[in-house]
S.K.: 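The structure is given below, and queries will be raised subsequently.
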Amino acid sequence: MAAPVAAHGGAVVDDPAMLRYVDAVIDAFGQGDIDQGLTRSQILERALRGGGLDRAELEHRIDVFVELAMLLPYHDKAHQQRYVINTDAVAGSLFFRKGLTEGGIEELLQLLGATADAIEAGRHDLGRVAQALVEQRGYVEMWTAAVNRLTDTATLGELIDERSQHDGERMLVQVERLVDVVTRHQPSLRISATSLLSAAQAYLMATQRLLERILDEGAATRDFSLLDPAEYLHLATSGTVEDLASTFEGVVWDPPRPEVLPTAIVTALRSYRPQRSRQRRPPVDTNAAEPPRDPLAGVDARLDAVRRQREHAAELLLQGEAAVELSAHLRAAPWPAALRTIVELAALDGDEHSPYQLHLADSLIVDIDAHTTWTSDAHLRVEHPKVQDPLRAHADEAPR
Amino acid sequence: VSALDLARLRALAAAPIVTAAALDAPAARIGRITRRAGSVVVLARHPEAPTAADVGALTSRLADTALVALGLCVGLAWDDRNAHPFPGRPFTLDELLAAATTLGVTVAGSRHLVGAVRHVLTQAKLLTIDEHDVLRLGPVLAGWSDGDLEVLRRNLDVLPEPGGSTP
């Protein structure tokens with residue numbers, strides 16, 4: 001089980017980075033096709049595939065793994081070069097990796113819980129419980145000493161890295177449970193249990209000191225990354241203006257002052273173009289030689305032309321009839337054209353000399369499929385003045 | 001005491017500091033360097049400190065009219081172009097107006113220049129003006145570095161001569 005961290009047959013490696021070699025070897029066996037194990041060269045090839053490993057060091061590590069029975073010969077023959085991996089070694093690798101990343105706190109908590117379970121289940125006799133209490137108090141005190149060392153000597157960065165590896169509150173909860181179980185099942189060991197509880201409380205205080213130092217150092221350097229988002233939110237929503245402003249009590253601010261650099265001065269001088277007001281010349285009168293024209297001259301002619309244009313449009317709608325219903329025409333015409341038709345006809349209707357009459361009903365027709373969706377019934381009528389035949393009129397007037 | 005002096009200096013832009021040398025270390029920590037400007041001391045940017053642009057900070061800028069006025073003033077005061085323009089020679093408001101006219105500034109435009117001189121530039125301690133309308137470069141300009149001056153020296157053609165001749 002210790003093979004993953006063994007430098008050679010009798011010692012543990014100094015450098016945790018060496019675990020990359022065991023990871024690579026285990027990964028080599030995880031790539032499939034290992035029913036008959038792997039040859040040494042296959043292990044080398046597969047392990048080196050991921051890159052970042054020194055071949056000579058890997059070969060040395062494989063020798064160690066073989067020596068410590070992490071790699072087991074598939075056949076027990078001297079010339080046999082096919083190996084399978086010992087599952088105990090894989091478990092050991094996982095254990096050491098977890099210990100390196102989480103500081104082993106989980107294992108200690110698990111041990112405390114397992115001891116309590118065993119006492120409750122009656123699997124531990126008095127002597128074994130007493131031994132476990134002493135042993136586990138020692139562990140807790142070791143963890144406390146480690147935390148104290150960190151708090152007193154470590155840099156802020158180290159403290160931040162290590163803080164997740166210690167959990168005083170969970171430790172206390174587990175120890176309290178264990179003490180409770182011991183008190184109920186082995187009351188004669190109450191003193192040992194109390195000692196363990198005291199050790200756990202000391203560990204909790206040590207972890208709190210560690211956190212306090214992190215917060216103090218963070219506050220001194222105004223490292224706001226030490227606050228998690230929930231703490232930001234809590235402060236923003238519940239803190240007073242004075243609380244929030246106190247963060248910057250010791251900060252000196254320069255008053256706003258323009259930054260003047262020679263580059264800006266040179267640029268301004270080069271690009272400066274004074275504005276000059278220019279006098280506008282009067283418009284040239286091109287028709288100065290001609291007599292002035294009466295602007296109202298021709299108005300009647302233009303109005304007459306417009307009227308004839310409107311009457312022509314009305315006649316097109318009437319198609320020779322004396323009256324016509326316009327609703328269908330209006331719905332079929334696009335909106336601007338329909339509007340124009342109504343306006344033109346209304347203008348004709350309002351002209352006292354015009355024989356055309358437009359009648360718009362109060363009804364409202366909505367046809368969503370039509371070009372013009374909203375229309376009213378419209379009726380156009382014309383009453384041309386009757387022109388009498390002079391011969392017939394004469395005949396009518398003749399005596400009978 | 002040095003922290004207090006430094007804070008005073010930052011607040012006032014220029015202040016009489018007796019032991020300016022004691023401010024060197026605390027000023028360097030905030031990216032500044034002390035420069036003596038006659039009887040007062042000013043803070044300039046430390047040569048190794050990042051500029052406002054480097055850190056993405058937005059700074060207040062002078063309007064173009066004020067920059068033109070300041071450029072004309074620097075040209076008129078800078079009598080020895082091999083030396084630092086501060087303190088330079090004093091000059092009158094009439095000299096400034098004459099230089100502005102040469103640049104093409106109209107009578108109406110010169111009012112804006114005079115307004116910038118009397119208010120914006122003097123408040124920022126970039127210029128001083130006395131009751132006789134005699135102008136001098138302000139102590140803040142003593143903070144210009146050799147690199148800043150090199151920019152001006154490469155563009156002397158846009159600056160008026162100290163005697164008032166055209167740029």
Side-chain angles (χ1 to χ4, degrees), chain A residues 153-160 213-227 229 232 235-236 240-282, chain B residues 3 6-13 30 32 43 45 51-53 57 59-75 85 100-101 103-106 108-110 120-121 123-126 140-141 143-145 147-160 167:
Chain A
T153 62
T155 63
L156 180 60
E158 290 169 339
L159 291 174
I160 293 169
R213 194 185 150 209
I214 289 176
L215 290 177
D216 288 347
E217 294 249 343
T221 57
R222 291 191 171 72
D223 185 352
F224 292 96
S225 66
L226 295 176
L227 296 177
Y232 269 111
L235 191 61
T240 62
V241 172
E242 288 75 21
D243 287 339
L244 297 171
S246 66
T247 310
F248 297 102
E249 268 177 357
V251 176
V252 177
W253 301 85
D254 287 17
R257 198 171 286 137
E259 186 184 40
V260 182
L261 296 173
T263 313
I265 293 175
V266 170
T267 305
L269 284 169
R270 289 211 181 280
S271 60
Y272 183 72
R273 295 286 180 273
Q275 292 182 346
R276 298 177 186 280
S277 57
R278 291 182 181 175
Q279 287 188 338
R280 280 189 173 181
R281 291 180 179 176
Chain B
L6 184 62
R8 190 150 55 100
L9 205 48
R10 293 175 72 173
L12 299 174
I30 59 166
R32 309 290 181 84
L43 287 174
R45 189 173 66 80
T51 63
T59 57
S60 61
R61 290 197 57 215
L62 291 179
D64 280 353
T65 307
L67 287 170
V68 168
L70 182 59
L72 294 176
C73 291
V74 169
T101 305
L103 191 65
V105 178
T106 60
S110 65
V120 180
L121 299 178
Q123 283 167 11
K125 298 189 178 177
L126 295 162
V140 169
L141 294 185
W144 278 350
S145 66
D148 293 331
L149 300 185
E150 195 53 37
V151 173
L152 288 177
R153 290 193 182 101
R154 283 203 303 268
N155 293 278
L156 287 175
D157 59 303
V158 296
L159 299 178

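Protein chains get the first letters and strands the later ones, always in sequence-line order, with residue 1 at the start of each.
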S.K.: Taking side chain as everything from C-beta outward and backbone as N, CA, C, O, which of these in B/Leu126 sits under 4.5 Å from a heavy atom of chain A? Side chain, backbone, both or neither.
M.R.: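 Side chain only.
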
S.K.: At a 4.5 Å cut-off on heavy atoms, which part of B/Arg8 comes close to chain A: side chain, backbone, both, or neither?
M.R.: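 B/Arg8 has no heavy atom closer than 4.5 Å to chain A.
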
S.K.: Is the CZ atom of B/Arg61 crowded by more than 12 outside heavy atoms at less than 6.0 Å?
M.R.: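 Open: at most 12 neighbouring heavy atoms sit under 6.0 Å from CZ of B/Arg61.
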
S.K.: Given side chains that start at C-beta, do those of A/Val266 and B/Arg154 come closer than 4.5 Å, heavy atoms only?
M.R.: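 They are not in side-chain contact.
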
S.K.: I want to check something: taking the side chain as every heavy atom from C-beta on, are A/Leu261 and B/Arg45 in contact at a cut-off of under 4.5 Å?
M.R.: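 Sidechains of B/Arg45 and A/Leu261: no contact.
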
S.K.: Answer whether the closest heavy-atom distance between the side chains of B/Leu103 and A/Tyr272 falls below 4.5 Å.
M.R.: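 Side chain of B/Leu103 against side chain of A/Tyr272, heavy atoms only: contact under 4.5 Å found.
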
S.K.: So which atom in A/Ala268 and which in B/Val68 form the shortest heavy-atom distance, rounded to 0.1 Å?
M.R.: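 Shortest heavy-atom separation between A/Ala268 and B/Val68 comes out as O-CG2, 3.8 Å.
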
S.K.: If you take all heavy atoms of B/Leu67 and A/Ala264, which pair is closest and at what distance?
M.R.: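 B/Leu67 and A/Ala264 have their closest heavy atoms at CD1-O, 3.9 Å.
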
S.K.: Between A/Arg257 (side chain) and B/Arg10 (backbone), is there a donor-acceptor pair under 3.5 Å?
M.R.: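 Checked: pair present.
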
S.K.: Side chain from CB out, backbone as N, CA, C, O: work out which of these in B/Ala66 comes under 4.5 Å of a heavy atom of chain A, or both, or neither.
M.R.: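 Interface part for B/Ala66: neither.
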
S.K.: Indicate yes or no: at least one non-hydrogen side-chain atom of B/Leu72 is less than 4.5 angstrom from one of A/Leu269.
M.R.: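 A side-chain contact exists here, since the closest heavy-atom pair is under 4.5 Å.
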
S.K.: Taking the side chain as every heavy atom from C-beta outward, state whether B/Val151 and A/Ile265 have any pair of such atoms under 4.5 Å apart.
M.R.: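 Result no, sub-4.5 Å side-chain heavy-atom pair not found.
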
S.K.: Return the minimal non-hydrogen interatomic distance between A/Pro258 and B/Ala124, and the atom names on each side.
M.R.: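 Where A/Pro258 meets B/Ala124 most closely, the heavy atoms are CG-CB, 4.0 Å.
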
S.K.: So B/Asn155 and A/Arg270, side-chain contact (heavy atoms from CB on, under 4.5 Å) or not? Walk me through it.
M.R.: CA-CA 10 Å; B/Asn155 293 278; A/Arg270 289 211 181 280; 3.1 Å; yes

